[in-house]
Peer 1: 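So that we are looking at the same thing, I have put the structure below in structure tokens.
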Amino acid sequence: MPELPEVQTLVNDLIAAGLVGRRIIRAGVHWPRTIATSSADRFCSQIRNRAIESIERRAKFILMALSNGLMLIVHLRMTGRFQWGDEGQSPEKHVHVTLSMDDGRVLCFHDTRKFGRFYLTQEPRTLLGGLGPEPLSSVFTAALFKQRLAGRKRQIKPLLLDQAFLAGLGNIYVDEALWAARIHPLREAGSLDSAEVVALHAGIRHVLRQGIKYAGTTLGNGQNNFYSLGRERGGNANHLKVFRRTGAPCPCCHRPIKRIIVAQRSTHICGQCQRLNTPG
DNA sequence: AAGAATGTTACATG
DNA sequence: ACATGTAACATTCT
């Protein structure tokens, strides 16, 4: 669920909350497997008394640079999120890591499905080196996109979901971007013509920027859902054109949105606007 | 009320 | 290179 816009929203919130410059005085781990790089004990002793020097996003990872060259990297996977807790009180259900700050606040990592991971490393490149370009950065031009698509035989949707090809997209924003560009998710990636590449490049950047603008996408009311630092919902669900809108009219041609399965993932398309074969 | 589906990723196997 | 299947989990949906 948390894709690039949701992770960016969280990073923005963490910065706005004044976390940069604060020092971590104590860590608690209640589900040890959350810590991917070491034992829970070693994690706690290593992170203790480090100051947070910067917070940024790369792909769907949250990067916190700590003092003395250590980097804390967090991946939320499907249901991870951060929220404030109370010092001295036992953490609420599904809180697996707590970070007590030098100003008395407690940053809690909450993750119902327990897929989220914390990495503590001196060498971030090991984890991040294989990622594709950032879709919102200036290096991601239509020309670069075209070059990376050339010759690829995979279907366009699973390729866009591949973090080594392009960083940060997930199921929601891929469906939205493909609809915006009027491209069928099963199209062979290397078969897109120049106009389609340009449209898809623009579509990807548009849907991601819109997601960030509305502070992420929160679907439904379940707790397996995106909530930002202050437990606020994102507003982007109101701006989705196809995702989870099966049966609703396509905003472009008013035919009903269809749900199909592509690469084992639920996929939402307009069969009229997104053609697999050229009409005729 | 039991069983299926679920936004992510890594890894194993054809 | 690419497609497919599975596993990691708990909650929500059917």
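To find a chain, count down the sequence lines: A is the first, B the second, and so on, and within it residues start at 1. Keep in mind that what you see is a predicted model, and the values were worked out from it rather than measured.
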Peer 1: For R265(A) and dA10(B), what is the distance between atoms CZ and P respectively, to the nearest whole Å?
Peer 2: 13 Å
Peer 1: Have a look at S266(A) and say if it touches a base, only the backbone sugar-phosphate, or nothing, with a 4.0 Å heavy-atom cut-off.
Peer 2: sugar-phosphate
Peer 1: When you compare the side chains of T267(A) and K157(A), does any donor N or O come within less than 3.5 Å of an acceptor on the partner?
Peer 2: yes
Peer 1: Give me the distance, rounded to whole Å, that separates dG5(C) from dA5(B) when you measure between the P atoms they each carry.
Peer 2: 14 Å
Peer 1: For a quick check, tell me whether the side chain of R113(A) and the base of dT8(B) share a donor-acceptor pair closer than 3.5 Å.
Peer 2: no
Peer 1: Can you check the distance between dT6(C) and dA4(B), where both ends of the measurement are the P atom (answer in whole Å)?
Peer 2: 14 Å
Peer 1: Measure across C250(A) and C273(A) and return the closest heavy-atom pair with its distance rounded to 0.1 Å.
Peer 2: SG-SG, 3.8 Å
Peer 1: For nucleotides dT14(C) and dG7(B), find the distance between their P atoms and express it as a whole number of Å.
Peer 2: 13 Å
Peer 1: If we only count heavy atoms from C-beta on, is the K258(A) to T246(A) side-chain gap below 4.5 Å?
Peer 2: no
Peer 1: Can you measure I156(A) atom CD1 to dC2(C) atom C1' for me and round it to whole angstrom units?
Peer 2: 14 Å
Peer 1: Report yes if a side-chain nitrogen or oxygen of Q163(A) is closer than 4.0 Å to either non-bridging phosphate oxygen (OP1 or OP2) of dT8(B); otherwise report no.
Peer 2: no
Peer 1: Select base, sugar-phosphate, or nothing to describe what E3(A) touches, counting heavy atoms under 4.0 Å on all strands.
Peer 2: sugar-phosphate
Peer 1: Phosphate oxygens OP1/OP2 of dT8(B): is one of them under 4.0 Å from a side-chain N or O of R117(A)?
Peer 2: no
Peer 1: With nearest nucleotides of DNA chain B determined for F61(A) and R244(A) from heavy-atom distances, which residue corresponds to the more 5′ nucleotide?
Peer 2: R244(A)
Peer 1: Rounded to whole angstrom units, what separation is found between the CE atom of M78(A) and the P atom of dT9(B)?
Peer 2: 10 Å
Peer 1: Any side-chain N or O of H94(A) less than 4.0 Å from the OP1 or OP2 oxygen of dT11(C)?
Peer 2: yes
Peer 1: For Q264(A) and R154(A), find the nucleotide of DNA chain C closest to each by heavy atoms; which residue's nucleotide sits nearer the 5' end?
Peer 2: R154(A)
Peer 1: Does one side chain, of K146(A) or S194(A), offer a donor that lies under 3.5 Å from an acceptor on the other?
Peer 2: yes
Peer 1: For a quick test of reading the model: is some side-chain N or O of R152(A) closer than 4.0 Å to OP1 or OP2 of dC2(C)?
Peer 2: yes
Peer 1: Could you give the CG-to-P distance, from L160(A) to dA3(C), as a whole number of Å?
Peer 2: 12 Å
Peer 1: What is the distance, to the nearest angstrom, from the CZ atom on R33(A) to the P atom on dA8(C)?
Peer 2: 7 Å
Peer 1: For this output row, return yes or no: ring centroids of H96(A) and F118(A) closer than 6.0 angstrom.
Peer 2: no
Peer 1: Both K93(A) and G151(A) contact DNA chain C. Which one's nearest nucleotide lies toward the 5' end?
Peer 2: G151(A)
Peer 1: Quick one: are R259(A) and I261(A) in side-chain contact, heavy atoms under 4.5 Å?
Peer 2: yes
Peer 1: Rounding to a whole Å, what distance do you find between L131(A):CG and dT8(B):P?
Peer 2: 15 Å
Peer 1: For F109(A) and dC9(C), give me the distance from atom CZ to atom P, rounded to whole Å.
Peer 2: 14 Å
Peer 1: Determine if F115(A) stacks with dA8(C); use a centre-to-centre distance below 5.5 Å and an interplanar angle below 30° as the criteria.
Peer 2: yes
Peer 1: Rounding to a whole Å, what distance do you find between D111(A):CG and dC9(C):P?
Peer 2: 11 Å
Peer 1: Does R259(A) put a side-chain nitrogen or oxygen below 4.0 Å from OP1 or OP2 of dT6(B)?
Peer 2: yes
Peer 1: OP1 or OP2 of dT8(B) sitting under 4.0 Å from any side-chain N/O of H75(A)?
Peer 2: no
Peer 1: Should dC9(C) form a Watson-Crick or G-U wobble pair with both distances under 3.5 Å, which nucleotide is its partner?
Peer 2: none
